[in-house]
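Notes to accompany the following structure.
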Amino acid sequence: MQSKTLRDILVLLTIGAALFAGGYFLVREISKSDYDLSYEVSMEQEEELGNLFKDLIWDKYPTVKENYADTALQQIAKRLVNALDSTQYRYQFTIIKSKEINAFTIPGGNIYVFSGLLELAETPEEVAAVLAHEIGHAEKRHVVTRLINEMSLSAVIAVLSGGDPSVLTQMLQSVISNRFSRENEDEADKFALQLLEDAHISPKSMAKFFQKLNDKNLDYNEDLEFMMTHPHSNKRIDRARKYKTRNNFSAEPFSIDWEKVQKSLNAE
Amino acid sequence: MEFYPLQQPDEIAEREKEDAMGAYLMMFAAVAIGLPLPIINLIASIIYYFINRKKSRFIHFHCVQALLTQIPTTVINWVAVIWGVTILVSDQYEATEMFWAYVVFAGVCTLLYFIVSIVAAYKARQGKMYYFLVFGPWAYQIAYRVRPTDNMQTSEPMNKPPF
Ligand SMILES: [Zn+2]
């Protein structure tokens with residue numbers, strides 16, 4: 001009788017473990033299916049889509065080109081892109097003239113930073129943290145994945161083959177609104193921390209900038225787009241602060257005059 | 001270990017069968033009220049148990065079995081509730097894949113539990129025994145084992161003559 005009891009307990013535990021494992025794989029499959037969708041759109045198609053968006057943005061937003069701030073941004077971006085192991089994107093970084101504190105990534109590796117965000121940053125390293133995060137969204141193909149999830153794959157394909165231009169505008173809105181899932185944000189954060197380290201930029205700068213956004217959010221009720229769409233819970237700040245760099249890590253400062261960047265932004 | 005003999009379906013009164021069935025159905029009524037908080041069903045089962053356990057061994061068995069199985073089910077669901085609330089309230093925890101896997105697990109467990117409970121309720125109504133894995137034999141021991149205190153009359157008398 002004893003051994004039968006023992007056997008029954010084992011059977012029950014096995015059923016429990018099997019149910020849990022089943023649940024785990026089910027959840028894994030569901031969360032993976034989102035990701036896999038991005039492979040329905042090739043890199044070429046993504047670049048094409050990006051070009052369509054680029055033209056629209058060009059029409060809708062004033063951009064800042066060829067001043068000191070832009071040069072500084074390109075220098076920061078270059079350091080990050082060079083630190084990537086490999087990439088399928090030809091990255092482009094553009095400043096949009098707007099007081100909004102925001103940054104977003106459109107398909108094809110095109111990253112936009114609002115001048116409001118650059119004004120809030122006190123060091124080039126803080127801007128690097130934001131760029132690294134956006135590069136993370138691009139590299140992990142979050143942008144395309146979300147577009148497909150929100151607008152359906154057929155809509156994306158239709159736009160590519162010259163469909164309704166109003167759909168394209170709608171898509172751009174969705175891209176700029178920057179609503180990624182929490183998992184995507186975490187993934188982009190982790191990617192960014194690693195990339196910052198590889199680029200010899202202290203990952204602490206990410207914590208600093210996120211903290212700044214958090215504090216600002218408490219003080220004002222301004223147009224904090226980036227903050228709203230990138231909820232920086234204390235957990236994310238904590239993770240950036242506690243990120244362990246390898247032993248031989250040394251930060252290389254940028255040769256950028258940050259005051260001059262701020263001035264050139266104000267001069268525009 | 002000694003056990004009392006099991007009654008056969010035709011030896012069990014209709015009233016007993018209904019009470020035994022009620023032990024399992026109690027949970028459904030409770031679940032309907034207490035779904036967000038998986039504790040009311042447990043309380044209901046405990047109350048039902050104390051009201052009915054003395055009525056007969058057959059009822060006692062089914063009440064104990066319903067109550068015993070209620071405990072792990074409640075614990076499993078509570079863990080899901082507490083975990084979920086923690087994620088909602090705290091910055092430190094987030095809804096990981098592990099959490100969702102657990103939610104699926106708890107959901108399937110509860111569903112399975114519902115199914116076996118319905119089967120058990122049906123069997124009880126027919127006056128049959130129905131043993132859940134592990135909990136069935138355990139409940140049988142509790143309800144049918146012959147306890148020394150049960151046979152006071154047959155054991156040695158307290159007062160004995162001097163010779
Ligand atoms: Zn993000």
Side-chain angles (χ1 to χ4, degrees), chain A residues 1-36 180-190 207 210-211 213-215 217-218 227 230-243, chain B residues 1-3 64-65 68-80 83-84 86-117 120 129-142 144-146:
Chain A
M1 207 222 84
Q2 281 280 305
S3 70
K4 188 175 179 298
T5 310
L6 208 62
R7 195 203 66 192
D8 285 354
I9 291 173
L10 279 176
V11 169
L12 204 63
L13 289 179
T14 310
I15 293 173
L19 283 180
F20 192 81
Y24 187 70
F25 282 111
L26 183 76
V27 169
R28 278 297 286 270
E29 279 310 306
I30 292 170
S31 62
K32 210 162 55 182
S33 64
D34 270 9
Y35 190 67
D36 285 342
F180 291 107
S181 68
R182 202 155 164 176
E183 288 73 31
N184 280 180
E185 293 303 349
D186 283 346
E187 209 179 1
D189 277 357
K190 282 174 193 154
F210 288 173
Q211 187 64 57
L213 288 170
N214 245 4
D215 295 346
N217 197 30
L218 294 176
M227 183 66 219
H230 290 71
H232 288 103
S233 58
N234 296 329
K235 187 185 163 164
R236 294 176 74 189
I237 296 172
D238 246 32
R239 180 168 50 208
R241 194 173 286 140
K242 288 181 185 147
Y243 181 80
Chain B
M1 226 181 276
E2 238 187 302
F3 292 93
V64 171
Q65 178 161 261
L68 287 180
T69 46
Q70 196 87 77
I71 294 166
T73 316
T74 305
V75 169
I76 286 171
N77 281 312
W78 260 107
V79 170
W83 197 346
T86 312
I87 288 166
L88 276 182
V89 171
S90 151
D91 284 338
Q92 304 297 314
Y93 298 95
E94 54 196 280
T96 52
E97 283 180 349
M98 212 32 118
F99 169 71
W100 290 115
Y102 188 82
V103 170
V104 171
F105 164 76
V108 174
C109 280
T110 308
L111 188 70
L112 276 182
Y113 181 56
F114 276 11
I115 294 168
V116 293
S117 291
M129 298 295 280
Y130 182 69
Y131 305 103
F132 292 161
L133 265 179
V134 180
F135 297 98
W138 187 10
Y140 171 72
Q141 277 200 26
I142 292 172
Y144 282 92
R145 197 182 61 208
V146 178

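It should be emphasised that the depicted structure is a prediction, and the values quoted were computed from it without experimental measurement. Every chain is numbered from 1, with letters handed out A, B, ... down the list of sequences.
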Which bit of A/L26 comes within less than 4.5 Å of chain B, counting heavy atoms only: side chain, backbone, both or neither?
side chain
Heavy-atom distances under 4.5 Å only: say whether B/L112 touches chain A with side chain, backbone, both or neither.
side chain
Can you see whether A/R28 engages A/Y24 through a side-chain donor-acceptor pair at a distance of less than 3.5 angstrom?
yes
Are there over 12 heavy-atom neighbours, none belonging to B/W138, within less than 6.0 Å of that residue's CH2?
no
Test of understanding: with side chain to side chain donor-acceptor pair (under 3.5 Å), list the residues that count as partners of B/Y140, not counting sequence neighbours.
none
Side chain / backbone / both / neither for B/Y102 at chain A, heavy atoms under 4.5 Å
both
With a 4.5 angstrom heavy-atom cut-off, is it the side chain or the backbone of B/V134 that approaches chain A, or both, or neither?
both
Contacts of type side-chain contact (heavy atoms from CB on, under 4.5 Å), residue A/Q211, not counting sequence neighbours:
A/N214, A/D215, A/I237, A/R241
